[in-house]
Amino acid sequence: MRVLQRSYFSRETDVVARDLLGKLLLRRLFANLLGGIIVETEAYFGKDDPASRAFQGLKNYNKVMFEHPGRLFIYNVHRYWMLNIIAHREGVGGILIRAIEPTIGIDIMKQHRSVKSIKELTNGPGKLTLALNVDKSLNGSDVTSLDSPIYVLDNDNEYDICTSNRIGVTKDLNQHLRFFIKNNKFVSK
DNA sequence: CATATGATGGACT
DNA sequence: GTCCATCATATGG
């Protein structure tokens, strides 16, 4: 397996969002490796997407969205941090990682969250950042190197993919920009 | 299992 | 003061 490179993220945002399903998201935390299989994503565009954090234009907090692909964009909503990877062919765009299937470092991730069942560990965007110990300090970091705190490994497995409208947005576009693996029990509710 | 509701804090105007 | 790409809890089946 190899680390996904900048060229991988330099494609249309929705194409990359769909393509990321099944890939392995890894978080290096001190001597530990945490993470799992990406099972749910959402694509967000720029000035033509009213649900996007870039819709209102360049701000201090969202400037990573306007920079080159392959970096993390960490954004706060309510009390939680959202983990996004910047991806676009040109212009602006990012992908929200909404859920992963835990496979590596499960015991450590459980220490970060008091949950009874493993199903609840990372089945939501705010839940997985808690489990992976991700916060704003990682905003802007590169994901295209094994030395990065977070990176994504390629994975050959094939999955059936479903789509829907995005979850929780107040002004969605009239197209399906949420992607998830069919029948996977770690997809968010 | 499903749906409803209140708490929450960062960044905006 | 307002908005928000959420979550945990409580309740009913």
Side-chain angles (χ1 to χ4, degrees), chain A residues 9 12-21 25 27 36 38-67 69 71-88 91-102 109-141 143 150 152 161-189:
Chain A
F9 299 104
E12 298 295 347
T13 309
D14 52 334
V15 173
V16 181
R18 176 190 290 265
D19 218 24
L20 276 175
L21 296 177
L25 180 77
R27 161 70 162 138
I38 297 173
V39 298
E40 179 182 356
T41 62
E42 283 177 356
Y44 290 87
F45 302 118
K47 60 175 166 44
D48 299 320
D49 181 358
S52 171
R53 296 291 125 162
F55 183 66
Q56 304 288 350
L58 178 65
K59 311 285 181 193
N60 195 44
Y61 83 101
N62 68 8
K63 63 184 181 190
V64 180
M65 287 197 82
F66 295 80
E67 297 172 1
R71 300 173 71 191
L72 295 180
F73 171 46
I74 312 288
Y75 176 74
N76 170 281
V77 58
H78 296 97
R79 187 165 84 257
Y80 305 92
W81 297 106
M82 304 291 108
L83 174 63
N84 302 258
I85 301 177
I86 297 308
H88 48 79
V92 178
I95 296 159
L96 173 68
I97 309 297
R98 282 196 59 89
I100 67 174
E101 175 176 339
M109 289 194 283
K110 277 183 172 171
Q111 291 172 21
H112 297 153
R113 278 175 54 65
S114 54
V115 292
K116 307 178 190 79
S117 105
I118 189 172
K119 267 180 60 179
E120 304 294 317
L121 196 53
T122 56
N123 65 334
K127 300 178 189 179
L128 74 87
T129 55
L130 286 173
L132 297 176
N133 196 246
V134 168
D135 63 21
K136 181 76 179 269
S137 67
L138 293 179
N139 188 51
S141 61
V143 299
I150 290 184
V152 188
I161 293 172
C162 301
T163 68
S164 78
N165 290 300
R166 294 174 293 190
I167 291 184
V169 302
T170 52
K171 293 179 174 181
D172 204 358
L173 291 171
N174 186 24
Q175 64 178 292
H176 283 183
L177 293 172
R178 171 174 176 252
F179 306 92
F180 57 99
I181 293 179
K182 186 177 182 179
N183 295 331
N184 186 286
K185 64 180 183 178
F186 297 96
V187 169
S188 73
K189 297 297 185 298

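Order of the sequence lines fixes the chain letters, A, B, ..., with proteins taken first and strands second; residue numbering starts at 1 for each chain.
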Which part of the nucleic acid does A:Lys119 contact within heavy-atom distance under 4.0 Å: base, sugar-phosphate only, or nothing? sugar-phosphate
Could you tell me which residues satisfy salt bridge (charged side-chain N to carboxylate O under 4.0 Å, His left out) with A:Arg71, sequence neighbours excluded, listed by chain and number? A:Glu67
Just to verify, what does A:Asp14 make a salt bridge (charged side-chain N to carboxylate O under 4.0 Å, His left out) with, not counting sequence neighbours? none
Take A:Glu120 and A:Pro50, find for each the nucleotide of DNA chain C with the closest heavy atom, and name the residue whose nucleotide sits nearer the 5' end. A:Pro50
Please list, by residue number, the residues of residues 163-171 of chain A whose heavy atoms come closer than 4.0 Å to an atom of DNA chain C; answer none if no residue qualifies. A:Ile167, A:Gly168, A:Val169, A:Thr170
Acceptor/donor pairs from residues 169-182 of chain A side chains to any protein atom, 3.5 angstrom cut, sequence neighbours excluded:
{"residue": "A:Asp172", "atom": "OD1", "partner": "A:Arg166", "partner atom": "NE", "Å": "2.8"}
{"residue": "A:Asp172", "atom": "OD1", "partner": "A:Arg166", "partner atom": "NH2", "Å": "2.8"}
{"residue": "A:Asp172", "atom": "OD2", "partner": "A:Arg166", "partner atom": "N", "Å": "3.0"}
{"residue": "A:His176", "atom": "ND1", "partner": "A:Thr163", "partner atom": "OG1", "Å": "2.9"}
{"residue": "A:Arg178", "atom": "NE", "partner": "A:Glu40", "partner atom": "OE2", "Å": "2.8"}
{"residue": "A:Arg178", "atom": "NH1", "partner": "A:Ser164", "partner atom": "OG", "Å": "3.0"}
{"residue": "A:Arg178", "atom": "NH2", "partner": "A:Glu40", "partner atom": "OE2", "Å": "3.2"}

Sequence neighbours excluded, the answer for side-chain contact (heavy atoms from CB on, under 4.5 Å) partners of A:Asp48 is none
The criterion is side-chain contact (heavy atoms from CB on, under 4.5 Å); which residues satisfy it with A:Ala87, sequence neighbours excluded? A:Phe9, A:Val16, A:Ile95
Those residues at least two apart in sequence (or on a different chain) that pass side-chain contact (heavy atoms from CB on, under 4.5 Å) with A:Lys110 are A:Ile106, A:Leu121
With heavy atoms under 4.0 Å as the rule, sort A:Arg178 into base, sugar-phosphate or nothing. nothing
With sequence neighbours left out, which residue pairs that include part of residues 41-61 of chain A fulfil the ring-ring contact (aromatic ring centres under 6.0 Å, His included) condition? A:Tyr61-A:Tyr75
Distance under 4.0 Å to a non-hydrogen atom of chain A counts as contact; along DNA chain C, which nucleotides mark the start and end? C:dC4 to C:dA8
Who pairs with A:Asn139 by side-chain contact (heavy atoms from CB on, under 4.5 Å), at least two apart in sequence or on another chain? A:Val64, A:Phe73, A:Ile74, A:Lys136
Between A:Lys127 and A:Asn123, do the side chains contain a donor N or O and an acceptor N or O under 3.5 Å apart? yes
In Å and rounded to the nearest 0.5 Å, what is the OG1 to CG distance from A:Thr41 to A:Asp19? 10.0 Å
List every contact pair, protein side and nucleotides 9-13 of chain B side both N or O, where the distance is under 3.5 Å.
{"residue": "B:dG9", "atom": "N2", "partner": "A:His78", "partner atom": "N", "Å": "2.7"}
{"residue": "B:dG9", "atom": "N2", "partner": "A:His78", "partner atom": "O", "Å": "3.4"}
{"residue": "B:dG9", "atom": "N3", "partner": "A:His78", "partner atom": "O", "Å": "3.0"}
{"residue": "B:dG10", "atom": "O4'", "partner": "A:Asn76", "partner atom": "OD1", "Å": "3.2"}
{"residue": "B:dA11", "atom": "OP1", "partner": "A:Lys136", "partner atom": "NZ", "Å": "2.7"}
{"residue": "B:dT13", "atom": "OP1", "partner": "A:Lys59", "partner atom": "NZ", "Å": "3.0"}

Classify the nucleic acid contact of A:Lys189 as base, sugar-phosphate or nothing, counting any heavy atom under 4.0 Å across all strands shown. nothing
Could you spell out the base pairing of DNA chain B in dot-bracket, with Watson-Crick or G-U pairs whose two distances are under 3.5 Å, [ ] crossing and | to another strand? |||||||.||||.
With a 4.0 Å cut-off on heavy atoms, is A:Arg53 in touch with a base, just the backbone sugar-phosphate, or nothing at all? base
How far does OG1 of A:Thr13 sit from CG of A:Asn84, to the nearest 0.5 angstrom? 11.0 Å
Within the structure provided, determine whether A:Leu130 and A:His112 are in side-chain contact (heavy-atom separation under 4.5 Å). no
Quick check for you: to the nearest 0.5 Å, what is the distance between A:Glu101 atom CD and A:Leu128 atom CG? 13.5 Å
